[in-house]
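The structure appears right after this line, and notes come after that.
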There are 2 protein chains.
Amino acid sequence: MTHEKHAYDDYGTHYPNSRKVYVTGSRSDIRVPVREIRLDDTRNADGSIEENPPLMIYDTCGPMTDPDHEIDLEKGLPAIRSAWIAERNDVEEHASGVDILSNPDKAYHGLQRKPLRAKDEKSVTQLTYARQGIITPEMEFVAIREKVALEFVRDEIAAGRAVIPLNINHPEAEPMIIGRKFRTKINANIGNSALGSSIEEEVDKMQWAVQWGADTVMDLSTGTDIHDTREWIVRNSPTPIGTVPLYQALKKIDDDADGLSWELYRDTLIEQAEQGIDYFTIHAGVLRKDIPAVKARKLGIVSRGGSIMAKWMIDNNQENFLYTRFPEICEIMRAYDITFSLGDGMRPGCIADANDEAQLSELKTLGELTKIAWEHGCQVMIEGPGHVPLDKIKVNMDLQLQDCFEAPFYTLGPLVTDCAAGYDHINSAIGGAVIGWYGTSMLCYVTPKEHLGLPNRDDVKEGVIVHKIAAHAADLAKGVAGAMDRDEAMRKARGEFRWEDQYNISFDPQRAREYRLASLPPEEHGRTDQHYCSMCGERYCSMRISEDIRQCPAGQGAELES
Amino acid sequence: MTHEKHAYDDYGTHYPNSRKVYVTGSRSDIRVPVREIRLDDTRNADGSIEENPPLMIYDTCGPMTDPDHEIDLEKGLPAIRSAWIAERNDVEEHASGVDILSNPDKAYHGLQRKPLRAKDEKSVTQLTYARQGIITPEMEFVAIREKVALEFVRDEIAAGRAVIPLNINHPEAEPMIIGRKFRTKINANIGNSALGSSIEEEVDKMQWAVQWGADTVMDLSTGTDIHDTREWIVRNSPTPIGTVPLYQALKKIDDDADGLSWELYRDTLIEQAEQGIDYFTIHAGVLRKDIPAVKARKLGIVSRGGSIMAKWMIDNNQENFLYTRFPEICEIMRAYDITFSLGDGMRPGCIADANDEAQLSELKTLGELTKIAWEHGCQVMIEGPGHVPLDKIKVNMDLQLQDCFEAPFYTLGPLVTDCAAGYDHINSAIGGAVIGWYGTSMLCYVTPKEHLGLPNRDDVKEGVIVHKIAAHAADLAKGVAGAMDRDEAMRKARGEFRWEDQYNISFDPQRAREYRLASLPPEEHGRTDQHYCSMCGERYCSMRISEDIRQCPAGQGAELES
C-alpha cells in the first residue's frame, strides 16, 4: 500500500479525512482502490492517548478521487485491464460494422483503440475461465476488494453464483463481483429522456452516483444522442455500465414498435457490445403462454421492456424473439463477456400481484434461460421485483434461488407497500434490506421520485445513500467479511465522543455534521470536544455515566454481583 | 355516519379532498373519527364512468380537523370520556396534594374539574374491566376504529396482549389500542430541553405530529415549565400522552441525582397522574445483578433513565427503588389507569451489543414485573431496542413474547446499523417494519437528527411519516384488518392515472404532488388527465400497453394460451 503518499483530502468535502490507497496484488498492475478514513486518537480519562487505526472502506469512486490521476473526460479513464485482456490472447481487434448514427458535434473522439471481439467464436467470459480453473487478474482484484480467498471467488463464479460484469471493451472499469456471498451491491439508474439533458449532465450524474457509492450504473437513456452519451459515460466510468438495449432499438425506429425486429435488436446489441456495456437487461422471459396470467392481474405489466415485448407478441402473433433467438444472443454476449441481466418483465407492480402466476411462471422461464446461457459460457444475473409485501419476500427469494439455480438476484426494491409516493426510496430500502439479507446480490436503487417523475441530482444522491444503508444492513445480517468494521469504528467513536470521526464514518459526513451543528449554540460550533450531545445534555449523558460505571472499582462490581 | 355534512376540505392543504366523518357506536357519545378521502371517478375506455367509493383512513388528528369544533387551546379539547368514567361509579374527585411549582404566567387555567382517583383502592383499569367480561365504551370505540369484534378487543386486553392507555384524568383522548393483533401504532417524542422552547411551540409540535399520524406522543421535556407545558399538551391532545417521570423528578432537584429518592419520584408520579398522563416509562428492570454485564458491553448503557438508575444504585449501594417499590407504583398506576411502559434501560446502543446478556437479563426482569403489574390489575407494555442487526430481530421479538407473556412490545427502531447518522429515521424504518411484522405493537419514531441533535418541525414530520410507512408495511405483512384497502385504492388509482387520487392516498399528498409537478413542463401543471408519467413517457407507457393487452379479444388470448 502507498499509505504515506497523500494528505487526507483526496475525496474533498464530501468525505473529509479520507485518502485514496491501493492494495497491490500478485502483479503490480492489480491495484485495488480503498478509501482510508483517518480517525482521531482516543483520549483516555487518565490522560493517555491511543491511536486508532484508519478505517478502510470499499471504494467505488474510481480514479477521479486519485490526485495522481489527471481528470480529462475527453481522454477517459486509464484502461487498467487492457494488458490482462490482451495477455489471454483470445480476442482480436474488429472494425465496427454498425452505423452508430453519431452526432459529429457530440461524438466522443477520445478512444484510440478499435473494439475487441473474441477470436474464432471462443468464450472470453470470466465464467469460462473460472470453469477452467483459471484465476484471472479480475478475480484476484475482486478477492482483494472483498477480503476473501482467490479460490472462493473463482469457485463462486464457476458455479454461476456470482458474476464479474466486465465487457472486454470496457477496460477502464475496476473489477467488482455480484453474488450473494459477497458484499451486497447497489445500482443507480441514470439516463436522459425525451425532455433532454446534455451529455455533460449525464456523465456528471454517473460520477455523482459512483461517488456516493453506486457499484454499477445503468444508462437508461431514451432521448437524443443515445450512442454518444453512452460512449462518454463508458469511457469515464470506473464501474460496470448496464443498459436495456431495447430502448435504443426502439429509438432507432422513432419509437414505432411496429418496426421492431430481431435484426434491428441484434445490431443494437453489437453496437453497445463494442462500446463496452457490461451487462444487458434482456426481457426474454415474457412469453405468449403467460399473457392470460397477465390479463388476470390487478395491474398488468409495469415493466416497460416487458410490456413492449408483450404488445409485440400480440400484434405480430409470434413468440418473443428475445426468447426464440436466445442462443444467438448468447453468442454475442460471450464474444464480449457481457453479463445477462435477465429482465423481469412480469414483475408485480402492486402488492396484490406479488408472487402471482405471471411472475412465478416467468421466473421459471428465466431459470431455463440461465441454463442455456451457462451452456454458452455466459454470466447471468436475474432481475427481480417490484412490489412485494414483507411476508412474501422470503418465498420470492427462495424460489429465485431454486428456479434459477442460485444465479445472482438483482432486485428493484422490493417496495413493501403501494402507498409511499414521495417516500418510495425508503419503501424500497425496507424491502431491499430484507431481500438483501435473504440473498439478493444487488439492489437497484429507487429514488424519492419513483412513480412520480425523473430524479434530479439530489434524488440520485438520496437514492444511492438509502440503498447503501439497506445493503450494509443486509451485509451485517449475513456476516459479510469486513462489514462489522465500519459499525465497530462508529461504536467506538460514538462512545468516545469523537464527533468528527462519527461524521466521517457515516455515509454522508456533510449531512451528519450539518445536523449536529444545527442543534448546537453557535459558540460551540468550533468545538469538537463536547463529551455529550444535545439529546441528554451534559449532566445526564448516558455515555458518560456508562463510562463512570465501567470505571467503578472491581470490588464494587463484585459486590454488586451478589 | 354524517357523510354529507361537510365539503371535502376539513384537513386543509395537507390532506386535500379529505373530510372528517364519525362512525357512531351503540350509544350516541361513541363517535369514532375517520378521515374520508373522496376519489375521482373511473373513466373507462368506452366512455362510461364508474364511481369509486371514498377511502376511509384511520384518523389520529382529533377534533382539530373537525369544522364543528372550535379550536381554543385555553379551553382544551372536549372531555369525550367523562360520562363513561363517571358512569362506572368507581372514581372520585380528589384535591391535588402535590405542589406543582407552577409558573403563574404560564399556568393552564382551562381545567374546571378536579383530578379523579379510584375510590377505595379499586382498580379502574381497562384490564380489570376486561377480565370482568365488561366491554367498556373505550373498548367499543377501538373495536370500531380497528374494524374488529367487540369481544376480540376485550379478550386481547384481558389476556394482557393489548392495552388501551387512557388515564381517567385524560378524558379528552380518543381511545386507541396497542397490541400486535391490531394496526401497528407509532409514537412521536416531543419535549423542550434546557435550551428552551415555548409552551406554544410544544403544543404545536404535538398537534403537528398527531396530524401526520402519530398514535401517541411522549412529552420528554427536561427544560423549564415542565408541569405547565405538559398540562397544555394533555388538555389539547387527542392521543394518549406518555412521559418518563424520572426526568421531571430530577429536574425538581436541579438535576442533582444525589437527591433522588422514592418519595420525590412517587410525588412526581402522582402529580403527572393527576394531570392525565396515559403511560409512564419506568426503568424498573435495571438491577444491580446486571451491572457486571453492563461493564462487559461494548457501549454500556445508552438509555438515559437506565444510566441514571444504574449510577444511583452504585452511588447508594442499593437496589433500584423502582424495582423495590414496584408494588406501590402499581397501586398508583391502577388508581388512574396509567399503563406501564417498562423501560429497557439495558437496550443495546450498538450492533455489537444486540441481544447480549445485559439486555436479555433485563427482559426477563421486565417479564417478572409484568406479572406483578397484571396481578395489581395494571396494563403493561414493554419497551424494546435499540440497535439490532436484521438477523437478530426475530430472536429478540420471540424472546420478548416468551419472557413477557405476550405483553405488547414498543420498540425504538431497531436500528439495523450503527453507521447511518443523518439517515437514522430510515435505518429505524427498516428495523421497525421488520419487527412490526414479527409482532411489535408500537414503533417509537426516530428522526433524521437521532444521535446528532434535537429534531425540528421538519424532522418530526419526516420521522412520523417514515414510521407510518414502516408500520403500514408491517400491517400488510401481518394481514391486519383493512390495511390492504389503502394499497388497493392506490393500485387502482395508479392503473387509471388518477393523479390527484394517487397524491391524496399517499402519506404526504403535498410532497407527492410537488415531486410530480417538478418533472412536468409548466404547461402541463394544470392537467390531471395525462395517461402516462414522465418515466416511460406517453408512447411507451407500460400501464397503457397493459390496458391494451387486457382489452385484446378473448379469442386472441385463447390462441396465445396454446
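Because the structure is a prediction, the values reported are computed rather than measured. Each chain gets a letter, A, B and so on, in the order the sequences are listed, and its residues count up from 1.
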Could you tell me which portion of I465(B) (side chain, backbone, both or neither) has an atom closer than 4.5 angstrom to a non-hydrogen atom of chain A?
-> side chain
Most chain B-contacting option - heavy-atom pairs closer than 4.5 Å, from G422(A), G300(A), A489(A) = G422(A)
Nearest heavy atoms of A429(B) and I426(A), plus distance in Å | CB-CG2, 4.3 Å
Determine the option with the most heavy-atom pairs under 4.5 angstrom with chain A, choosing from K492(B), M484(B), H387(B), Q502(B).
-> M484(B)
The interface call for R297(A) against chain B, heavy-atom contacts under 4.5 Å, is backbone
I505(A), D487(A), V434(A): which one forms the most heavy-atom pairs within less than 4.5 Å of chain B?
-> D487(A)
Of the listed residues (R513(B), R494(B), K311(B)), which shares the most heavy-atom pairs with chain A below a 4.5 Å separation?
-> R494(B)
Between M490(B) and D418(A), the two heavy atoms sitting closest are CG-O, 3.2 Å
Grab the two heavy atoms, one from W437(A) and one from D391(B), that are nearest each other, plus how far apart they are.
-> CZ2-CA, 3.5 Å
Is a side-chain N or O of R511(B) found less than 3.5 angstrom from the main chain of Y423(A), in a donor-acceptor match?
-> no
Would you find more than 12 non-hydrogen atoms of other residues, nucleotides or ligands less than 6.0 Å from K461(B) atom NZ?
-> yes
If you take all heavy atoms of I469(B) and A420(A), which pair is closest and at what distance?
-> CD1-CB, 3.8 Å
SG (C419(B)) and CG (L55(A)) are apart, to the nearest 0.5 Å, by 8.0 Å
Quick one: of A473(A), A293(A), P389(A), who has the most non-hydrogen atom pairs under 4.5 Å with chain B?
-> A473(A)
P448(A), part contacting chain B, at a heavy-atom distance under 4.5 Å = both
Do the side chain of S519(B) and the main chain of L454(A) share a donor and acceptor less than 3.5 angstrom apart?
-> yes
Turns out that what part of E462(A) lies under 4.5 Å from chain B's heavy atoms comes down to side chain
At a heavy-atom separation under 4.5 Å, does L415(A) approach chain B through its side chain, its backbone, both, or neither?
-> neither
Residues G495(A) and L299(B): closest non-hydrogen pair is CA-CD1, 3.6 Å
Stepwise, does the side-chain contact (heavy atoms from CB on, under 4.5 Å) test hold for E488(B) with K298(A)?
-> CA-CA 9 Å; E488(B) 176 57 15; K298(A) 288 268 192 181; 3.3 Å; yes
Begin from the C-alpha positions of L476(B) and V416(A) and carry the test side-chain contact (heavy atoms from CB on, under 4.5 Å) through to its verdict.
-> CA-CA 8 Å; L476(B) 289 175; V416(A) 293; over 6 Å; no
Let me know if Y503(A) has heavy atoms under 4.5 Å from chain B in its side chain, its backbone, both or neither.
-> side chain
Looking only at heavy atoms, which two atoms of I430(A) and A433(B) are closest? And how far apart?
-> CG2-CB, 3.5 Å
